[in-house]
There are 2 protein chains.
Amino acid sequence: MENKPVTLKLIAKELKLSISTVSKSLKDYPRIKESTKLRVKELAARLNFTPDISALRLRDRKSRIIGIILPNLSDHFFTRSIYGMEQLATANGYNIIISQSHDNFEMEVNAAATLLGSRVDGLIVAISKQTSDFAHLDQFEKIGIPVVYYTRNPSFNLNCHKVLGNTHQGCYMATEYLINRGHKKVAYLGGPKMVNFSHDRFSGYINALKDNDIPFNANHVAYTDFDDANTLTAIKNLFSDPENGPTALVAFKEKLLFDTIKFLRSIAHPELKKLECIGFGNDPIIAYLSSPPIASIEENPESLGEQAVALLVKLIHGDIDAKDYKKVIVNCNLKIHQTA
Amino acid sequence: MENKPVTLKLIAKELKLSISTVSKSLKDYPRIKESTKLRVKELAARLNFTPDISALRLRDRKSRIIGIILPNLSDHFFTRSIYGMEQLATANGYNIIISQSHDNFEMEVNAAATLLGSRVDGLIVAISKQTSDFAHLDQFEKIGIPVVYYTRNPSFNLNCHKVLGNTHQGCYMATEYLINRGHKKVAYLGGPKMVNFSHDRFSGYINALKDNDIPFNANHVAYTDFDDANTLTAIKNLFSDPENGPTALVAFKEKLLFDTIKFLRSIAHPELKKLECIGFGNDPIIAYLSSPPIASIEENPESLGEQAVALLVKLIHGDIDAKDYKKVIVNCNLKIHQTA
DNA sequence: TTGAAAGCGCTACCAT
DNA sequence: ATGGTAGCGCTTTCAA
C-alpha cells in the first residue's frame, strides 16, 4: 500500500520487458507487437501510471508550463483573467502556475525565482505597485524565456511585450457618458498618483472633458493609494465644497465608488440620490446595491488573459521574434446598469 | 542573448572546474577551497543561476509541492483559504500548485492526474459538488501521497483526513442569535439538498430551534442548487404565505441573502425592513449594503487552510500515520455587523 | 519485434 | 582540494 510511484521500470519488471519497449508501447510505436502493447497498456491503466513530469521536462528541456505572477486573488479582475488564461493555455497544451505577489516587490522577486527554477516556458506578469526595477523579470528574457506584461503597464520598461486594457478609452467613455447625461461637474477619483498605470485613465477623463467643452476643475480630482484612511480623505476632499460639489464621479475601481456612497450616506449628503457614478470593474454585487453605479467600465479581464496567453504562446513557438515588441490593447465596454 | 538556461555544467566549463566541484561550492561543502567557492558563487550570482527544480525532484524523489484542488477562485472563501495555505506551506518549505475544478467532476479528475504527474508530496482537496467517486483521489494514497479533504465533507469516504469548518455550530449560533432577538419564524435557505456537505448546517438550524422550543415549520425551509432560477423559486416559496412569512433567515451562503433582499425589494415586500438575516461568508461588501445582514457566520477560511496544510505536512513527514485518520474541526464565529 | 544506452541537471559517494 | 560516476524517470537512436 505504501508503494512508490508507478514507473516504466516497474511495469517493465512486472511484464518482463525492457523499459524502452514499455515506453514505446504506451506511445503506440508501430513496430511493437499489438499483443505486447495491449498487455502494457492494460497494466499501466490498472496501476494508474502517470509519467513523471519532472523526468519529461528534464529530457525535453521544456516544461509546457506558463508562469503567472499577479498581485492577488482577492480582486475579481485577476481571478477572471486567470479563467481566460486557463482556457487558452489548456487549449494550447500548457499548464499554468499562479503566484501572488501581494503587491510586494520582495515577494514578486521570490515568485520569479521559483518560476525560473521551474523552467517555465513563458511568463505572464502583472507587476506589483512597487515594481520599478525589472532585473528579476529581465533574466527570463536573457535566457530566452518570453515575458508578457499584462494589465499593469511597466512604463519604465519600454522594450517589452504588453497586453493592456484600454483604460484611457474606458475612462473617456465613462466620462463622456456622464457628460451626455447632463453633468457639468464630473469628478475623478484615481488610484496611486505616482504609479504609472494610472496615467492613462486620468488622461481619458481629461480628454473627455476637453472634447465636450467642460472646464477642468482641480477640486474635482483626488487620488488614493487604496489605504482606507487615504481613500476617505480623498472622498472628503472631493465633496468638501457643499456649493460646488460634483454631481457625477468616475473612479479607478468600483470599490472606491462604494466607499464614496457609504460616506455620503453616513453624512446624509443631500445630493446623494442625484449623484451618478461609474467605475472600473462591473462587480456582480452591483445587482444588490440600493444606490448602484449607473454603469460600469468592463475591462474584459478574461479576454485580456486570453490575449496574454495567445501572445505568449506565439513567442514561445517563435512565431513572433522576441525583439519584435508587441502591444496588444483590449478595449473596455461601458455596461449600463438597469435602474431598478 | 538567446542563451540556454544556466546550468552547473556551464559554470563548470566557464571556470574550468568539474561539475561536482561547482555543486559543492554552491552548497558550501567544507572541503572546497574558499577561493574556489568564491569564484563559483560569484559567477553563479552573475549569471542568475537557479537550480533546475525538475532535476532536483527527479533525484530526491520528492517535489516539495503541495497540490490544491478546489472548485473555483471566484468565491472569497477559497481565495482566503489559499492565503492561509500559502503562508503555512511557505513556512514549511513547500510550494503550492492550485487547480480549479469549476465544480465539475471531469475537471477534478484531470486536475488530479496532472498533480499526480507533478508528483506532489501531498494533496489538499475541496471536492466538487458532483464528486461521489473517489478513485482519482484514492490513487494518491495508494502510492503513499497523503490527501487532506477540506471544507467539503466527503461523507461517502469515511477513511480519510478531513479539515472542516464547524458549519453545524455556525448555523446553530446564527439561528439561536436570531431567536434570542425575538424571532419565532426563522427560515432556512440551504444549498443543494442532495449534497452531503449541506447536512451539518441544516442540523445546526434544527437543533437550535429545538433547544429553544421553537416549532419546526417545513414551509420555512427551502433549498437551491445555486442556479439563479432555482434560487428565485426557493426564495418565492419561503415568502409565499403573506400571513405567516419568516421574520428572520439563515442562509447557506451570503449571496442567497443578497438575492432574497433584492427580490423582496423588487416586490416591495412590506416586512423587508424588519427581516433579519445571517449567512455564511462575511463578505466585506456588506459594509456597503443598505439592507445588510445583521450578522455573518465567519468560517475563518485562512485558519481552515492553515490547518489543512499543518495536517498534510505532518502526514508527509510521517509524524502521523497515514491510517490514523484525523478530523480537524475549525469553529465559526458570529460576526455582528454594526447597524448604521 | 525488442533491447541497450545515452543524456537531460543535479547530488553524493568514492576516488584520486 | 577536486574529479569521476552512478542514478533519479523518461525518450529515442541505434543495434540485435
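Convention: sequence-line order gives letters A, B, ...; per-chain numbering from 1.
Contact of the B/Leu115 side chain with the B/Ile97 side chain is registered, since non-hydrogen atoms from C-beta on lie closer than 4.5 Å. Contact annotation: the side chain of B/Ile127 approaches that of B/Leu137 to within less than 4.5 Å [non-hydrogen atoms, C-beta and beyond].
Scanning for side-chain hydrogen bond (donor to acceptor under 3.5 Å, both in side chains) contacts around B/Asp324 gives B/Lys326, with sequence neighbours left out.
One can place CG of A/Leu116 at 14 Å from P of C/dG9, the figure rounded to the nearest angstrom. A straight line from CD of B/Glu34 to P of D/dT2 spans 11 Å, rounded to a whole angstrom. The nearest whole Å value for the distance from the CZ atom in B/Arg31 to the P atom in C/dT16 is 15 Å. Atom P of nucleotide D/dT2 and atom CG of B/Leu8 are separated by 16 Å, given to the nearest angstrom. Spacing between atom NZ of B/Lys9 and atom P of D/dG4 amounts to 14 Å, rounded to whole angstrom units. At whole-Å resolution of the value, CG in B/Leu26 and C1' in C/dT11 are 12 Å apart.
Contact annotation: A/Tyr29 reaches the phosphate of D/dT12 (side-chain N/O to OP1 or OP2, under 4.0 Å).
Of the residues in residues 12-23 of chain B, B/Ile19, B/Ser20, B/Ser23 come within less than 4.0 Å of DNA chain C through at least one heavy atom, sorted by number. Taking every heavy atom of residues 40-64 of chain B and every atom of DNA chain D, pairs under 4.0 Å involve B/Leu58, B/Arg59, B/Arg61, by number.
The aromatic rings of A/Phe134 and A/Tyr149 stand perpendicular to each other, their planes meeting at an angle above 60°, with 30° marking the opposite boundary.
A salt bridge links B/Lys41 with B/Asp28: the distance from a Lys NZ or Arg NE/NH1/NH2 to an Asp or Glu carboxylate oxygen falls below 4.0 Å. The residues B/Asp52 and A/Arg119 are annotated as salt-bridged, a charged nitrogen and a carboxylate oxygen being separated by less than 4.0 angstrom. A salt bridge is defined here as a Lys NZ or Arg NE, NH1 or NH2 lying under 4.0 Å from an Asp or Glu carboxylate O, and B/Lys37 with B/Glu34 meets this definition.
Aromatic rings of A/Phe105 and A/His136 (six-membered ring for Trp) have centroids within the 6.0 Å cut-off, being under it.
With hydrogens and angles ignored, a donor-acceptor pair under 3.5 angstrom links the side chain of A/Lys24 to the base of D/dT13.
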